[in-house]
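Notes for the one structure printed next.
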Amino acid sequence: MRRPSWRDPRLGVGILLVVASVALGSWAVSSADATVEVYQTDAVLTPGDAIDVDDLQVVQVRLDGVEDLYLVPGADLSGAVVTRTVSAGELVPLASVGSADALELRPVQIAMPAAMQDIVTAGSLVELWVAMPDPGASTQATLLPPELLVDDVEVREVHADTSVFAGSDTVQVQVLVSSDDLPVVLAALTAEGQITVVPVLGGGVG
């Protein structure tokens, strides 16, 4: 038995293994601690909302390629708006950020019973049904059976009806109507059709 010398190749291999283990451990620890700053919203953002960093909070996340998926501090937000609903507490996806010119939605206000506010909120999906005046009736108060006007319409906001003729039991719902459906909705409003907001259960944000 000879005492191994510093020239023994086994000694060199052992040293390399120790160094590799230390380096691998350090890399694993640093990778586990590596986080990226990402924007998160506290409130529901709906299409057309301008993106203001003052309304967002910065959170630390551990996600690979997060900069390619979510909005991060330092991004250029000049003229940026939300193009699809972002739920409260959600990281802001880059896919939900765009320009106002790209939006093909238009806000239209519809009266709704105030009792529906617990069900219909910003981000909810609703149907619009209309009962048009009966042209053969002697009065405008006689309506035809209700028909579906448009479906899967998103609610942008709900607010109190401040008009002179509004009662305390009525609120105004601002819905986002596509450019293709806008003519029929405006025609129903102009013809004094009775439009009813019907919530889609399970539809929209939580």
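Quick note: numbers below take in every heavy atom, side chains included, and nothing from hydrogens, waters or symmetry partners.
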Check: How many angstroms lie between atom CD1 of Ile195 and atom CH2 of Trp129, to the nearest 0.5 angstrom?
Finding: 13.5 Å

Next item on the list: Working to the nearest 0.5 Å, report the span between CG of Asp181 and CG of Leu186.
Entry: 10.5 Å

Checklist line | Same apolar cluster: Val198 and Val200, side chain cutoff 4.5 Å | finding: no

Notebook entry, point to check: Is there a donor in the side chain of Asp76 and an acceptor in the side chain of Ser78, or the other way round, less than 3.5 Å apart?
Noted result: yes

Margin query: Distance check, rounded to the nearest 0.5 Å: Met132 atom CE versus Glu192 atom CD?
Written below: 9.5 Å

Next item on the list: Look at the side-chain heavy atoms of Ile, Leu, Val, Met, Phe, Trp and Tyr, link any pair under 4.5 Å apart, and say whether Val150 and Leu103 land in one connected group.
Entry: no

Margin query: Against Leu91, only a single residue in Leu71, Val66, Val59, Thr41 fulfils side chain to side chain contact (heavy atoms under 4.5 Å, CB included); can you say which?
Written below: Val59

Notebook entry, point to check: About how many Å separate CG of Leu128 and CD of Glu147, when rounded to the nearest 0.5 Å?
Noted result: 14.0 Å

Margin query: Hydrophobic clusters here meaning ILVMFWY residues chained together by side-chain heavy-atom distances under 4.5 Å, can you tell me if Val171 and Leu176 are in one?
Written below: no

Check: Are Val158 and Val185 grouped together when hydrophobic residues (ILVMFWY) are joined by side-chain heavy atoms under 4.5 angstrom apart?
Finding: yes

Checklist line | Test side-chain hydrogen bond (donor to acceptor under 3.5 Å, both in side chains) applied to His159 and Gln174, Gln172, Gln109, the passing residue | finding: Gln109

Next item on the list: Locate the shortest heavy-atom distance separating Gln57 from Gln40; write the atom from each residue and the value.
Entry: NE2-OE1, 2.6 Å

Next item on the list: Quick one: closest heavy-atom pair of Val120 and Pro199, and the distance?
Entry: CG2-CB, 3.9 Å

Check: Should Val82 and Leu105 be counted in the same cluster of Ile, Leu, Val, Met, Phe, Trp and Tyr side chains packed under 4.5 Å apart?
Finding: no

